[in-house]
There are 2 protein chains.
Amino acid sequence: MKISTKGRYGLRSMIDLAINSSGNTPVFISDIAKRQHLSEKYLEHIFGALHKAGLVRSIRGRKGGYLLQKNPEEITLSEIITALEGKISLVECVLDPDICPSAKKCVTRDLWQGLSDKINEYLSSHTLNDLIQMQKSREQNDTLMYYI
Amino acid sequence: MKISTKGRYGLRSMIDLAINSSGNTPVFISDIAKRQHLSEKYLEHIFGALHKAGLVRSIRGRKGGYLLQKNPEEITLSEIITALEGKISLVECVLDPDICPSAKKCVTRDLWQGLSDKINEYLSSHTLNDLIQMQKSREQNDTLMYYI
DNA sequence: TATTATTTCTATCAAATTAATAGGAAATAA
DNA sequence: TTATTTCCTATTAATTTGATAGAAATAATA
């Protein structure tokens, strides 16, 4: 029961993108990769998925790059993780009961269903903006420390 | 973010074991495997892990088999899943911050920490007995239907 | 218009993890 | 002594994850 690197890297990159884009100037994948210590090529895949899910806007060509498609407070963490790891369900039968003949009467399925719901609830109740604000206040605290 | 077959099969087998053991008579792995449509050999491994975690008692030799080590209401689902999948944490750095140099200031780590806690909370608040009771009442309802 | 810098797309490879099988040793009751 | 069961150790198979390579598309720039 782990979040894959796609989900982890993607979430960090979305925060990075939000913090480092000023106005309508797109951010290069290569810059995000450098700052986050990630492979540029792998990050391309990740942004492909984010783009497909409508979370980022791409500008092709020279001086192109990526921008957030929506405001950070309108992007839930559930959207980001779903874009990168697929729908959140701890077992297949939660989404698709037909794959198992005993799904209807299976008590463990109900359990996994309930837990999957909790996870969804948690990730839906937090937005990208929450993480950005946390990050910013953390950075500010670091800076402030030099003045004390 | 999925529960592995070990966790899924193991949980179902624990319910099966609890329901099908009468008194101190141990239950054969081969019988559980048949009822749950699982490979006998694979199930041996799963019971090895459950045994190691102190959740089941084994009796070796002819007419041997397995018994629950504790009462079903004393076995949390968290214990079962942890025995089969290891400690519940969505990312490694939640359990071991030293593996990442930026763990201390990482906001996504805090997020995964929070979600892992929720999952643990959920699984700790349900016991094997809860599932057994659900299962039994479900079976009874099926039977009752014949009399209507 | 030609060139260059950049993203996007597709195909593929490598590594790691998970799932399952196999064979036989050890234990024990009949 | 035999049949039955758990236990132990390898090995193989399958799946998922992580990463790479290069061609195609596109927009800025010279």
Side-chain angles (χ1 to χ4, degrees), chain A residues 1-13 17 21 24-34 36-67 69 81 83-87 89-92 99, chain B residues 1-13 17 20-21 24-34 36-69 81 83-86 90-92 99:
Chain A
M1 207 196 329
K2 288 272 182 287
I3 299 289
S4 74
T5 54
K6 247 183 162 180
R8 295 195 280 124
Y9 297 175
L11 182 57
R12 276 165 51 199
S13 298
L17 170 59
S21 74
N24 258 19
T25 318
V27 179
F28 304 149
I29 277 193
S30 55
D31 285 348
I32 297 176
K34 257 178 242 151
Q36 298 296 323
H37 307 103
L38 301 173
S39 137
E40 203 175 314
K41 277 289 181 186
Y42 193 36
L43 206 48
E44 274 183 22
H45 283 284
I46 290 172
F47 270 87
L50 293 169
H51 186 224
K52 208 172 145 194
L55 300 177
V56 296
R57 186 151 62 90
S58 74
I59 296 173
R60 298 183 73 167
R62 193 173 174 171
K63 297 212 172 170
Y66 284 97
L67 289 163
Q69 182 73 272
I81 299 305
L84 297 165
E85 311 220 340
K87 285 203 177 158
S89 83
L90 290 172
V91 292
E92 280 311 315
I99 60 167
Chain B
M1 207 196 333
K2 287 272 182 286
I3 300 288
S4 74
T5 54
K6 251 183 161 179
R8 294 194 281 123
Y9 297 175
L11 182 58
R12 275 165 53 197
S13 298
L17 171 58
N20 291 291
S21 74
N24 259 19
T25 318
V27 179
F28 305 149
I29 276 191
S30 54
D31 285 348
I32 298 176
K34 256 177 241 149
Q36 298 296 324
H37 307 101
L38 301 172
S39 137
E40 202 175 316
K41 276 291 182 186
Y42 192 38
L43 205 49
E44 278 183 17
H45 283 282
I46 290 172
F47 270 87
L50 293 169
H51 186 221
K52 208 172 145 193
L55 300 177
V56 296
R57 185 152 62 90
S58 74
I59 295 171
R60 299 185 69 170
R62 194 170 174 172
K63 297 217 172 167
Y66 285 96
L67 289 164
L68 289 185
Q69 182 72 272
I81 299 305
L84 296 165
E85 311 218 341
L90 290 174
V91 292
E92 281 311 316
I99 60 167

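No hydrogens, no waters, no symmetry mates; every other heavy atom, side chains included, goes into these values. All chains are named by letter (A, B, ...) in the order of the sequence lines, taking the proteins before the strands, and each is independently numbered beginning at 1.
Nearest-nucleotide positions on DNA chain C place F47(A) closer to the 5' end than the other of S4(B) and F47(A). Nearest-nucleotide assignment on DNA chain D puts the 5′-proximal partner with E40(B), out of E40(B) and H45(B). Toward the 5′ end of DNA chain C lies the nearest nucleotide of S30(A), the other residue of the pair M1(A) and S30(A) mapping further downstream.
Contacts between chain B and DNA chain D, taken as any atom within less than 4.0 angstrom of a protein heavy atom, begin and end at dA3(D) to dA10(D).
Evaluation of the side chain to side chain donor-acceptor pair (under 3.5 Å) rule for S21(A) yields no partner, not counting sequence neighbours. Legend: residues meeting side-chain contact (heavy atoms from CB on, under 4.5 Å) with K63(B), ordered by chain and number and at least two apart, are absent. With sequence neighbours excluded, the residues that form a side-chain contact (heavy atoms from CB on, under 4.5 Å) with K2(B) are S89(A), E92(A).
Between L17(A) atom CG and dT7(C) atom P there is a gap of 12 Å when expressed in whole angstrom units. Whole-Å rounding puts the K41(A) NZ to dT12(C) P distance at 16 Å. To the nearest angstrom, P of dA20(C) lies 8 Å from CD1 of I46(B). Distance CZ (F28(B)) to P (dT28(C)): 15 Å, rounded to an integer number of Å. A straight line from CZ of R8(B) to P of dA20(C) spans 9 Å, rounded to a whole angstrom. Atom CD1 of I29(B) and atom P of dT21(C) are 14 Å apart (whole Å). Counting to the nearest Å, the P atom of dT17(C) and the CD1 atom of I3(B) are 18 Å from each other. Atoms NZ (K2(B)) and P (dA19(C)) sit 12 Å apart, rounded to a whole Å.
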Which donor-acceptor pairs under 3.5 Å do the side chains of residues 37-52 of chain B make with protein atoms, sequence neighbours left out?
from   : atom 1 : to     : atom 2 : distance (Å)
S39(B) : OG     : K41(B) : N      : 3.4
S39(B) : OG     : Y42(B) : N      : 3.0
Y42(B) : OH     : T5(B)  : OG1    : 3.0

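A donor-acceptor pair under 3.5 Å links the side-chain atoms of E85(A) to the main chain of S4(A), judged by distance alone.
A heavy-atom distance below 4.0 Å to DNA chain C is reached by these residues of residues 57-66 of chain B, ordered by number: R60(B), G61(B), R62(B).
Across every non-hydrogen atom of L68(B) and L17(B), the tightest pair is CD2-CD2, 3.8 Å. L67(A) and N24(A) make their closest contact through CD1-O, 3.7 Å (heavy atoms, listed as atom of the first residue, atom of the second, distance).
Judged by Watson-Crick or G-U wobble contacts below 3.5 Å, the nucleotide dA30(D) has dT1(C) as its partner.
In this model, the phosphate group of dA19(C) is not approached by any side-chain N or O of S39(B) to a distance below 4.0 Å at OP1 or OP2.
Residue-to-nucleotide contacts include no donor-acceptor pair under 3.5 Å from the side chain of H51(A) to the base of dT7(C).
Using a 4.5 Å heavy-atom cutoff, the side chains of Y66(B) and P26(B) are not in contact. With contacts defined as side-chain heavy-atom distances shorter than 4.5 Å, the pair Q69(B)/L55(B) does not qualify.
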